[in-house]
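Here is the naming used below: chain letters follow the sequence lines, and residue numbers restart at 1 for every chain.
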Amino acid sequence: MIDMLSNLPDEVDVLVVGMGPGGSGAAKRCAELGLRVIGVEKRAEIGAPKRCGEAISRHGMTERIGIEPKGPWIVQEVHGAIVYAPNGTSIKVDYDGPEGWVVERKVFDKHLASLAAEAGARVIAKTEASGFRRENGRVKVTLKSGNESKEVTSKIIIAADGVESKVAREMGINTFNKLPDICAGVQYEMAGIKHTGNMIEFFFGNDTAPGGYIWIFPKGRGVANVGIGIRKPWAKKTALEYLDDFVQSRPELKDASIIEVNSGGVPVGGFLTDAVDDNLIVVGDAAHHVNPIHGGGIPEAYMAGRLAAETASEALKARDFSKGFLKRYDKAWNDQRGTRLKKILKLREVIETMSDDDLNWLAEYLKGDDLVEFSRGGSGLVKLGKILMKKPRLIKLARKLL
Amino acid sequence: MIKVDTDKCLRCGGCVGVCPVSALELTEHGIKCSGRCTSCKSCVNFCPVGALSIKDD
């Protein structure tokens, strides 16, 4: 392999660690703003292995990520959703056109990384960053790729290294998740399924997926991601055991083939309110930038990356890389996305205390559009509160929402 | 300390995200547990595929 590290500059303005959507969003924006930026990814292939159901909403794609949904990374248009209550009652949301897409993450993530490279960022896979140390207002980092290593000095580090977020921890922010705040996820990509269609499906229930849900996201030609996210303390078995039980119970799935197996943790407990430190900005899963109801986080990460880059650019102009200055990133995130996500979290916290009977009862009162509102944190809080008021046992819960 | 069943582990790194003392690391060779481990079992309880257990010393 060519020695990629020796060609890198010794000094940069921003080093982005982790080239998922958050890292690519950050690296691209940094480059556009004229900053000298390197983006490193420790894995040999950006975007693989995925830890994701691969569905992105229209809002997420066109507004928060801000790209046209065109290209080989789109594998399926999504025209609606079907949500199943524990007793099988279904609520359907239908749209005339695509309201979302299922993407091929390994193609999509590489596309986002190449957009960053095109804008002028230096992107380098199979390269690990470690040994972060602050010196004279800068950060020294050791980059390692195979047998090669190189020391780079950066003014700002953008930590986009996912749920395990080693960088933030090394630099002083403990990003760990308490068990009720993280979904344990497993997913089979399955092939040979009849009728995958263009609807995404969600299955709820304390016996099916305690503290989370099971999803079937179609990828065309009889292929679909069939996955689960569950949480302790509600879960009594492993995520894999719940998923296997589900697959076995579904006639359309039990004889289908498995072409990929993935697992991962989804940080759904609410984002870090302190996502900066001296010379450090944390974005994406590392900062728990995830929608707490559906667990999606690609648009959130990409947007956070962009905001981090803009803060970095302002910091460079002011020559101030202190936590005090970088705090404006926390504020920007809160103003543009955080406040909404907090509302969604509140809603989730109400739903998660409901029994299967409560959920079945609730499903009778809800329409598809209500569910969309819930997942977006719109007017759903009040609407759900009003419905819960109808049942004496749930009045206490309702008051939390109203 | 944590024992990793390498036949089951998918190397997703989720366990690293639940370790309160940063004792776990996702390396090229899989999950590595350091001496900082307090055997709190967070990762054991979390693991989506049941690959982790407490190692008897």
I need the minimum non-hydrogen distance between P48(B) and G185(A), along with the two atoms involved. CB-O, 3.4 Å
Could you tell me if the side chain of V16(B) sits less than 4.5 Å from the side chain of K166(A), heavy atoms only? no
Are V186(A) and V49(B) close enough that some pair of their side-chain heavy atoms sits under 4.5 Å apart? yes
Is C43(B) in contact with chain A via its backbone, its side chain, both, or neither, using a 4.5 Å heavy-atom distance? neither
When you measure from the side chain of N174(A) to the backbone of P20(B), do you find a donor-acceptor pair of N or O atoms at a distance under 3.5 Å? yes
How long is the gap from CD on Q187(A) to CG on L10(B), to the nearest 0.5 Å? 11.5 Å
Chain B contact via N262(A) - which portion, at a heavy-atom distance below 4.5 Å: backbone
At a heavy-atom separation under 4.5 Å, does K42(A) approach chain B through its side chain, its backbone, both, or neither? side chain
Looking at C19(B), G14(B), G50(B), which makes the most heavy-atom pairs under 4.5 Å with chain A? C19(B)
Other residues, nucleotides, ligands: >12 heavy atoms within 6.0 Å of K144(A) NZ: no
What's the separation between atom OG in S22(B) and atom CZ in R169(A), rounded to the nearest 0.5 Å? 3.5 Å
From F46(B) atom CZ to L179(A) atom CG, the distance as rounded to the nearest 0.5 Å: 8.0 Å
Assess whether atom CD of E45(A) is packed by more than 12 heavy atoms of other residues, nucleotides or ligands within 6.0 Å. yes
If you draw a 6.0 Å radius around NZ in K237(A), do more than 12 non-hydrogen atoms from other residues or ligands fall strictly inside? yes
Can you measure from NZ (K8(B)) to OG (S263(A)) and round to the nearest 0.5 angstrom? 13.0 Å
When rounded to the nearest 0.5 angstrom, what distance separates SG in C15(B) from CD in E164(A)? 8.5 Å
Do side-chain atoms of N177(A) reach the backbone of V18(B) as a donor and acceptor pair under 3.5 angstrom? no
Check whether any side-chain heavy atom of R43(A) lies under 4.5 Å from a side-chain heavy atom of E28(B), and answer yes or no. no
